[in-house]
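Numbers restart at 1 for each chain; the letters A, B, ... are given by sequence-line order, proteins then strands.
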2 protein chains.
Amino acid sequence: MIGEFEYVLLTAASALGDDAYGVSIREQIESATGRRCSIGALYTTIDRLESKGLVTTWLGGATTERGGRSKRMVQLTPQGVSAAREFYNAIMRVSRDASWAVERGKGIV
Amino acid sequence: MIGEFEYVLLTAASALGDDAYGVSIREQIESATGRRCSIGALYTTIDRLESKGLVTTWLGGATTERGGRSKRMVQLTPQGVSAAREFYNAIMRVSRDASWAVERGKGIV
DNA sequence: TTATTACTATCACAATGCAATACAAATGAT
DNA sequence: ATCATTTGTATTGCATTGTGATAGTAATAA
């Protein structure tokens with residue numbers, strides 16, 4: 001099972017589609033979670049996800065317009081999508097009757 | 001932030017209410033997740049949750065009928081409920097637009 | 001050739017997850 | 001009483017995941 005931060009990163013990369021790379025993923029995570037994402041957390045997790053085959057990465061072309069190192073693009077593999085779905089479903093399944101998970105039209109109240 | 005297994009344990013204990021103790025929590029986890037829950041994972045996590053103030057535990061009375069050590073009862077503290085709610089909300093928020101999380105009638109709102 | 005900008009990489013340690021193994025207490029039979 | 005049985009809990013040691021601090025790399029402009 002992947003960890004929580006790994007899940008967050010996969011989700012952010014998925015949301016960004018073709019624009020997913022280190023910096024944009026970091027911004028996406030910070031905006032989606034409201035919490036800070038450190039550089040170390042970011043790249044070590046990308047590395048770990050890649051070595052597990054859950055994402056692939058490659059160096060982006062020279063699309064930069066004003067200086068700067070080239071981007072390391074990130075994309076989920078089918079296994080990455082599966083792993084994320086599994087994590088999500090596991091949380092949903094476990095939370096089914098939790099008081100903090102009740103939504104409209106759901107359960108006894 | 002609590003970890004995924006800590007969340008699962010909090011949820012199981014919450015679901016069991018007054019019947020929450022080591023063995024019953026373990027069974028609840030295994031039935032809710034479909035995965036095995038080892039003894040070590042169980043008690044070390046209970047210890048950690050207690051030291052963080054997310055659960056309280058105490059030794060149950062002599063309600064056993066056929067032998068056996070007394071139970072270590074577990075109950076969520078208000079902080080435990082908050083931590084679980086936070087974890088759940090964080091996952092929900094991040095997953096809002098994920099392809100694997102789409103449900104009916106789910107807009108940005 | 002140097003300064004600036006945009007980005008990625010590494011390290012070291014903390015927090016969390018987990019299997020294997022050992023230990024404790026209550027009961028009932030002898 | 002003491003011993004086997006039953007029901008549960010506790011400890012140890014290591015693997016995995018999370019994260020801040022720090023360093024490094026490459027492109028561009030002046």
Given dT9(D), dC18(C), dT10(C), identify the nucleotide with an atom nearest to the side chain of T44(A). dT10(C)

Between dT19(D), dG17(C), dA9(C), which one does the side chain of I39(A) approach most closely? dA9(C)

Assess whether one donor atom and one acceptor atom, taken from the side chain of R48(A) and the base of dG18(D), lie less than 3.5 Å apart. yes

Among dG8(D), dA26(D), dT17(D), the one nearest R69(A) by side-chain distance: dA26(D)

Given dG8(D), is OP1 or OP2 found less than 4.0 Å from the side-chain N or O atoms of Y21(B)? yes

Check every strand shown and say whether Y43(A) touches a base, only sugar-phosphate, or nothing at a heavy-atom separation below 4.0 Å. base

Does dA26(D) have its OP1 or OP2 closer than 4.0 Å to a side-chain nitrogen or oxygen of K71(A)? no

For M1(B) versus A90(B), what's the shortest heavy-atom pair and its separation? CE-CB, 3.8 Å

Name the nucleic acid region contacted by G40(A), choosing base, sugar-phosphate or nothing; use a 4.0 angstrom heavy-atom cut-off, strictly under. base

Nucleotide nearest V23(B) (side chain, heavy atoms from C-beta), chosen from dG8(D), dT19(D), dC18(C): dG8(D)

Picking from dA9(C), dT19(D), dA20(C), the nucleotide nearest the side-chain atoms of R72(A) would be dA9(C)

Side chain of R36(B) - closest among dA9(C), dT9(D), dA19(C): dA19(C)

